[in-house]
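I have placed the structure first, in the form of structure tokens, so that the comments after it can refer back to it.
Lettering of chains follows the sequences in order, A, B, ..., and the numbering in each one begins at 1. What's counted below: heavy atoms across the whole structure, side chains too, no hydrogens, waters or symmetry copies. Keep in mind it's a predicted model, so treat the numbers as computed, not measured.
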Amino acid sequence: MREIVIGLVTRALERLRGTGDLSESLNETFLQNNAGFKVERPRERTHGDFSTNAALILARPAGMKPRDLAQHLLDAMPVEELLGVRCEIAGPGFLNFHIAPERLRALIPEILARGRAYGRSRRGVGERVLVEFVSANPTGPMHVGHGRGAVTGDAIARLLEAIGCTVEREYYINDAGAQIDVLGRSVLYRYQESLGRTVVPPADYYPGEYVIDIARAMHARDGERWASIPVDIPKPPVEVIDFAIDWVMREIRTDLESMDIHFDTWFSERTLHADGGIQRALDHLAANDWLHEGVLEPPKGREPATEEMDGRVHLLFRATRLGDDSDRPLLKADGSPTYFAADIAYHYDKAQRGYTRLIDVWGADHGGYVKRVQAAIEAMTGKKDFLDVVLTQMVNLTQGGKQVRMSKRAGTFVTLREVLDETGSDAVRFWFLGRSSGAGVDFDLDLAKSRSNDNPVYYVQYAHARVHAVQVKLKERELEDLPGDLELLTAEEELNLIRMLGQYPEVVEGAALSHEPHRVTYYLSELAAIFHGYYNQYRILEEDPALRGARLSLLRATGQVIANGLNVLGVNAPVSM
RNA sequence: GCGCCCGUAGCUCAAUGGAUAGAGCAUCGGCCUUCUAAGCCGGUGGUUGCAGGUUCGACCCCUGCCGGGCGCGCCA
């Protein structure tokens with residue numbers, strides 16, 4: 001719908017240009033930034049369905065007063081295409097467009113004809129996007145924070161698919177590094193403990209219950225094979241480590257699948273170490289003078305800069321050239337690559353796979369890491385803004401109004417699994433997507449599992465269920481299901497509902513392009529509210545078949561849009577509740 | 001000290017540089033013999049943290065403060 005208006009304004013501008021009514025400077029402006037005008041949805045209903053600021057933007061270069069230019073534009077609009085569109089000058093020089101009821105009503109058959117494809121577009125055709133998300137370390141079960149990253153990444157992927165992008169979902173498994181050895185020692189410790197021994201725990205180990213489960217399972221497989229190796233061994237046996245990683249990853253995969261999240265690729269960090277990927281990436285950087293050796297300044301202002309600031313010489317990446325705060329070390333003291341070095345190699349690998357765009361979804365606690373990775377990608381590819389990093393803020397769990405503390409150490413660790421069992425995937429998804437990713441989420445366990453008015457998930461799902469309940473009723477009463485006469489949809493509530501349905505494609509496109517799924521959540525809540533209001537005031541199953549048919553069509557179109565919107569968020573659209 | 005995110009109604013949050021800043025919750029008051037009340041209607045509630053700047057126009061962009069969160073070499 002918006003395209004219609006954009007077309008009108010563009011056509012009018014072109015005509016004005018052609019007739020030479022406007023100064024040269026306007027022509028230049030027009031050519032330079034494609035006029036730069038916007039067509040937007042005014043907040044105020046009386047300002048029409050669409051509004052453009054073209055006359056305001058172009059008044060100065062045209063050497064005219066905004067309202068005068070607006071009048072010129074209005075006069076230059078192609079009358080034949082104005083059918084069903086009323087255009088007027090308002091305020092300081094806005095052009096407001098009012099879509100006539102008959103043109104609004106035409107949306108209903110369009111939505112019904114397009115069905116599940118309504119709201120999808122081809123805007124992103126040709127784009128190949130890789131969305132990397134979750135990537136929770138394979139050292140323990142996922143917690144709710146991972147859950148937020150999971151639904152955010154998946155929703156972004158679904159949105160991009162909806163606008164025609166080719167999308168792949170990828171999970172980066174951090175199966176290398178010191179933490180993995182800690183996991184191995186933790187399992188060995190619990191394993192030997194389960195053999196009835198008194199074992200001194202290793203200096204650092206994961207305290208969670210799940211480690212005991214892994215140990216038991218390993219005992220079932222291996223018997224007493226690992227009974228006598230020291231639990232504080234620096235490098236635990238690879239068989240132990242692999243067993244533990246597989247166990248944890250299986251749990252993670254199960255949790256993700258229960259939220260209907262599926263990855264195309266599970267990328268192992270280890271492979272980068274094993275097949276020389278890290279070395280290749282570093283060589284590539286070195287060849288373009290992005291590496292140097294140097295001593296790092298200790299960070300300023302941190303409390304007593306002490307001990308291990310040894311001032312040794314590091315191999316460094318020149319991140320400061322691209323806006324980072326300091327150059328970043330690539331090798332640890334023992335000569336092994338840092339996590340960052342592996343991540344450089346990982347993103348180098350991604351960059352070479354032919355994507356047009358990379359998206360990473362990270363927890364906000366990794367925010368300080370964004371600049372250096374973006375710098376590395378720019379250094380390797382020459383492309384700025386090739387990677388967009390979406391940071392998701394913390395999730396606060398509350399129950400009975402009190403905060404549920406999450407702490408690995410204290411053992412009050414609430415896993416994603418527990419929350420999913422309590423509330424279900426739909427509640428988790430809708431709730432986590434109900435805020436912009438930059439805002440924290442308070443997840444109220446009681447509310448999320450309640451079947452009450454206050455639960456936003458049910459509010460939208462109920463609207464969808466209502467649509468189907470009416471159709472069930474239609475059959476029960478054995479009423480004729482005729483097309484009806486859409487001309488009878490004249491009530492302001494009906495036209496407003498149609499207007500709302502018409503906005504859906506724009507919402508999807510905006511959410512997809514900005515990587516902001518919460519826009520869809522808000523839209524759906526608003527659509528549901530308008531629908532509930534309409535439903536409460538008007539009867540669908542009227543005696544008059546013409547009116548009944550028309551309202552049924554509107555009802556079905558509404559149900560279709562709600563279903564499509566929920567689907568793009570990965571939330572079910574139940575037909576009864 | 002530096003970097004990133006944030007500061008909007010009592011609370012939790014929306015608002016692509018546009019016109020009179022919106023929802024939900026809370027609170028107060030109404031609506032079920034009707035297609036599901038898991039719903040609807042109405043009231044109360046704002047100097048968008050502060051001060052400047054950019055422009056026809058700023059919650060949004062820029063600068064400086066104030067307040068909160070996250071992070072800050074050889075953890076991942």
Under a 3.5 Å cut-off on both pairing distances, which runs of 3 or more consecutive Watson-Crick or G-U pairs involve RNA chain B?
-> B:1-7 with B:66-72, B:10-13 with B:22-25, B:27-31 with B:39-43, B:49-53 with B:61-65

Any donor-acceptor pair under 3.5 Å between the side chain of Asp365(A) and the base of A76(B)?
-> no

Could you list the residues that satisfy side-chain contact (heavy atoms from CB on, under 4.5 Å) with Asn137(A), not counting sequence neighbours?
-> Thr139(A), Asn174(A), Gln179(A)

Residues that Glu40(A) engages under salt bridge (Lys or Arg N to Asp or Glu O under 4.0 Å), provided they are two or more places apart | none

In chain order, what residues pass the side-chain contact (heavy atoms from CB on, under 4.5 Å) check against Arg45(A), with sequence neighbours excluded?
-> Asn496(A), Arg499(A)

Looking at RNA chain B, which of residues 536-549 of chain A put a heavy atom within less than 4.0 Å of it?
-> Asn536(A), Tyr538(A), Arg539(A), Ile540(A), Leu541(A)

Which part of the nucleic acid, if any, lies within reach of Ala469(A) when heavy atoms closer than 4.0 Å are counted: base, sugar-phosphate only, or nothing?
-> base

Name all residues meeting the side chain to side chain donor-acceptor pair (under 3.5 Å) criterion together with Glu542(A); count only those two or more places apart in sequence or in a different chain, and write none if there are none.
-> Arg551(A)

Ser436(A) side chain N/O closer than 4.0 Å to the phosphate oxygens (OP1, OP2) of A14(B)?
-> yes

What residues form a side chain to side chain donor-acceptor pair (under 3.5 Å) with Ser437(A), not counting sequence neighbours?
-> none

Taking the six-membered ring for Trp and the single ring otherwise, decide whether the centroids of Phe133(A) and Tyr171(A) are under 6.0 Å apart.
-> no

Output all residues satisfying side-chain contact (heavy atoms from CB on, under 4.5 Å) with Ala176(A), sequence neighbours left out; order by chain, then residue number.
-> Glu269(A), Arg270(A), His273(A)

What pairs with Asp481(A) under side-chain contact (heavy atoms from CB on, under 4.5 Å), at least two apart in sequence or on another chain?
-> Leu474(A), Leu552(A), Arg556(A)

Closer than 4.0 Å, any side-chain N/O of Arg477(A) to the OP1 or OP2 of C35(B)?
-> yes

Identify, with sequence neighbours excluded, every residue that meets side chain to side chain donor-acceptor pair (under 3.5 Å) alongside Gln560(A).
-> Asn564(A)

So which protein nitrogen or oxygen atoms get under 3.5 Å of nucleotides 8-12 of chain B's nitrogens or oxygens?
| unit_1 | atom_1 | unit_2 | atom_2 | d |
| --- | --- | --- | --- | --- |
| U12(B) | O2' | Arg435(A) | NH2 | 2.9 |

Taken in chain and number order and not counting sequence neighbours, the residues that satisfy salt bridge (Lys or Arg N to Asp or Glu O under 4.0 Å) with Asp175(A) are none

